[in-house]
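Worksheet: one structure, shown below.
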Amino acid sequence: MIETINKRIDLFISSIDGISKDSVQIILNKFSTSISEDLDKGHLTTNVCMIAASVLKLNPKELAKELKDNLDDLDIFKDVQIAGPGFVNITLHKKEFVSVLNKIIKENKSFGESNIGAGRKVQIEFVSANPTGPLHVGHGRGAAYGDAIGRILKATGSFVEKEYYINDAGRQIDILTASVILRVIQNKINNFFPQKAYKGDYIDSIGREFISKNKIEYGDIDFIDKDLSSDPEEEMDQIILKLKELDESIWSSVKTFSLNSIIESIKNDLEDFNVYFDNWFYESSLGDLKNESSEISKSITKLTKEGKTYKKDGAIWLDTESAGDDKHRVLVREDGRATYFASDVAYHKNKIDRGYDDLINVWGADHHGYIKRIEASIDAIGSKKEKLIVKLVQFANLFKNGKSVKMSTRSGEFFTLRELLEDIGSDAARFYYLSKQADQHLDFDLDLAKSDSKENIFYYIQYAHARIFSLEQKYKEMYPKLDTNIEAIEKDLYKKCDSLIHEISKYPHIINKSARTLQPHIIIFYLRDLSQLLHSYYNDNHVLSESKENMQSIILCLSALRQVISNGLGILGISPMQKM
RNA sequence: GCGCCUGUAGCUCAGCUGGAUAGAGCAACUGCCUUCUAAGCAGUGGGUCAGGAGUUCGAAUCUCUUCAGGCGCGCCA
């Protein structure tokens, strides 16, 4: 219907006396015809006259009058009104207005899906937490967000691949390995344990699990805690070196075991959080510089051949400043080892070679300073930095019993995602993570998420769904044949559902907007408004004592509403409740 | 110092490609359970949209600036 109107508006604008082609284009690009906020503004509304007026320096109300006359001729609308500064509000014939209900019955679970992203191949990389410990509640937000936009983009026609990048190649994996070994042999070296080693309980469990199947037996190990630097970071590096030299094979089997164990537990946590990845990309698969045919070597060679790199102070640099970074960045260190940045350049080259149209990276907000250099590297390898869309996710502040829960990975005291899931469940957790724009600070109140009050929007929406579900069951008992039909509403005999139908009809637009802006939270706010209307309706109208004809229409309408809530929650990875 | 994010009702937040009286929940105060789930509904009060300037017919929304808060600025990962 909106398209019909827009075609008409298109003709109308083009036919304005003396209008230039450019002006027509500007106006047509800027105006919008949408479903009205409320029914007192008609079913549909367009701002085209105000847009046109500002471009053409005309009076918006005069223009609106002309458009109204023009649309009145059509006779496909019940009413056309001019309102406010120049809005044109359109009221549809009842049959047209109500047709969305039939559409929902027909499309069911897929109502709200579209093809606005058709033909686009999108990759979303998210979570990508270092495999050195369990996921904590900070990672949870990125997980919920990345997964939700994946579902939303898929529902709007894009081809989506979700990927987790595993940093399994850096120093932190050495620290992890050393930490596990030291825990096991701690009692033989005077209970020595370095300050910079990982201290969480999971280190002990990995160690115990390892020695239950393998052995860690060394010869003389007295020297391990001797002659160490007083600098904690240097001390850690010295210990890593000693352990590696002591027994290469123990080192590498503990390393593999620890890594696998942690990755496995991360996968489990994510699955229980209803987050699934299509690919798990290992940083180590990019190879290293010693191997000339590794991806990391090839990407640096390519940049060098094309004159994008230069040597200075013994290191190889990339000019990232020209792309807006505040300084140049090192790819290969003085000692010949690649930097983390070099891996990332190779990784992004790999992604681009895989042929995606859009690369969405979901990063913690603390990485924002990293965006420019990655963009610069994408340009440097001959692609376009516009392909990269970085979505920053701000920290979530967790509150329990009114107090902020502090997190610190090093000390091993942090609120894990696992604990959160056990506390409030996956659905409520996802819901609250997604309830605010990702790039803004989130105060996550655990007590609220479990509370029974209206303040708990999660239950408020679920309650609306459950109420309708229960009504449907009762209606089935009364009329086992379940003959719903739309007649009473179509014939305008029962008007009380109109505001519900109007709100329901906005759903597909909400999904599209959410996909365009990559903002899942607008779905949540929409569902809250929709639930509010339902609760209000429910209180004012006793459905099951209506006439049969009305009841048939009402149940049809409420079922449609329930379907929309179900679809809306579903697209966020949340299951609707049938009972509460 | 530079960069990014934020500042809207007492609290937690929507609204931001400029548009119709600035919204919601909580908290405060009033009402509504012999009827389909009261985890609900209806109502009242509460705002210099951080301050200032500018652009515009029109600014919470765009620009500049000041103030306040958060985060980031390694040949770490």
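Quantities reported herein were computed from a predicted structural model and do not represent experimental measurements. Labels below follow one simple rule: chain letters A, B, ... track the order of the sequence lines, proteins then strands, and each chain is numbered from 1. Side-chain atoms are counted along with the backbone in the values below, which use heavy atoms only and exclude waters and symmetry mates.
- The shortest distance between the side-chain N/O atoms of A/Gln440 and the OP1/OP2 oxygens of B/C5 is not below 4.0 Å.
- Rounded to whole Å, the separation between the P atoms of B/A39 and B/A27 comes to 14 Å.
- OP1 or OP2 of B/A38 has at least one side-chain nitrogen or oxygen of A/Arg467 nearer than 4.0 Å.
- Side-chain contact between A/Phe341 and A/Leu318 is present, with at least one heavy-atom pair separated by less than 4.5 Å.
- Distance check on atom C1': B/U63 versus B/U17 gives 16 Å, rounded to whole Å.
- If you check B/G40, B/U21, B/A39 against the side chain of A/Tyr459, the one that comes closest is B/A39.
- Put simply, CG on A/Asn361 is 19 Å from P on B/C4, counting in whole angstrom units.
- Using atom C1' as the reference point in both B/G51 and B/U12, the two lie 24 Å apart (nearest Å).
- Closest contact between the side chain of A/Lys436 and the listed nucleotides B/C13, B/A38, B/C41 involves B/C13.
- A gap of 14 Å separates the P atoms of B/U8 and B/G15, to the nearest Å.
- Between the side chains of A/Ser343 and A/Glu283, at least one donor-acceptor pair of N or O atoms lies under 3.5 Å.
- One C1' atom belongs to B/A14, the other to B/G3, and the distance between them is 28 Å to the nearest Å.
- For A/Lys372, the NZ atom counts as loosely surrounded, since its 6.0 Å shell holds 12 or fewer non-hydrogen atoms of other residues, nucleotides or ligands.
- With C1' as the reference atom, B/G69 and B/C75 are 34 Å apart, rounded to whole Å.
- Here A/Phe87 packs flat against the base of B/A20; its ring centre is closer than 5.5 angstrom to the base's six-membered ring, tilted by less than 30 degrees.
- Comparing B/G18 with B/C49, their C1' atoms are spaced 15 Å from each other, to the whole Å.
- Atoms CG (A/Asp443) and C1' (B/G25) sit 16 Å apart, rounded to a whole Å.
- Where A/Ser470 and A/Asp38 each meet RNA chain B at their nearest nucleotide, the meeting point lying more 5' is that of A/Asp38.
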A correct 5'-to-3' footprint of nucleotides 70-77 of chain B, with B, S and - meaning base, sugar-phosphate only and no protein heavy atom under 4.0 Å, is SBSSSBSB
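- For B/A28 and B/G72, the P atoms lie 38 Å apart once the distance is rounded to whole Å.
- The 5' end of RNA chain B is approached more closely, in terms of each residue's nearest nucleotide, by A/Ala83 than by the other of A/Asn541 and A/Ala83.
- Judged as a side-chain contact (heavy atoms from CB on, under 4.5 Å), and not counting sequence neighbours, the contacts of A/Lys349 are A/Ser299, A/Lys302, A/Asp353, A/Ile381.
- Between A/His465 atom NE2 and B/G40 atom C1' the separation is 17 Å, expressed in whole Å.
- Side chain of A/Ser536, nearest nucleotide from B/G19, B/A42, B/A24: B/A42.
- Under the 3.5 Å distance criterion, with hydrogens and angles disregarded, a donor-acceptor pair is assigned to the side chains of A/Thr46 and A/Thr33.
- Between the side chains of A/His535 and A/Tyr460, no donor N or O sits under 3.5 Å from an acceptor N or O.
- Looking at residues two or more places apart in sequence or on another chain, you find a ring pair (Phe, Tyr, Trp, His ring centres under 6.0 Å) between A/Tyr370 and A/Trp363.
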For RNA chain B, the expected dot-bracket line (Watson-Crick or G-U under 3.5 Å, [ ] crossing, | inter-strand) is (((((((..((((.....[...)))).(((((.......))))).....(((((..]....))))))))))))....
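- Checking B/G40, B/A24, B/U12 against the side-chain heavy atoms of A/His535 singles out B/G40 as nearest.
- For the ring pair (Phe, Tyr, Trp, His ring centres under 6.0 Å) test, no residue two or more places apart in sequence or in another chain qualifies with A/Phe469.
- In this view, A/Glu472 and A/Arg562 satisfy the salt bridge (charged side-chain N to carboxylate O under 4.0 Å, His left out) rule, not counting sequence neighbours.
- Checked by distance alone, A/Asn539 brings a side-chain donor or acceptor within 3.5 Å of a matching partner on the base of B/G40.
- Side-chain atoms of A/Thr304 and A/Thr309 include a donor-acceptor pair closer than 3.5 Å.
- Salt bridge annotation for A/Glu503-A/Lys506: present, with a cationic side-chain nitrogen under 4.0 angstrom from a carboxylate oxygen.
- Between the CG atom of A/Asp529 and the C1' atom of B/A14 there is a distance of 9 Å, given to the nearest Å.
- Between B/G15 and A/His521, a contact under 4.0 Å exists linking OP1 or OP2 to a side-chain N or O.
- For B/C26, the base adopts the anti conformation, since its glycosidic angle falls more than 90 degrees from zero.
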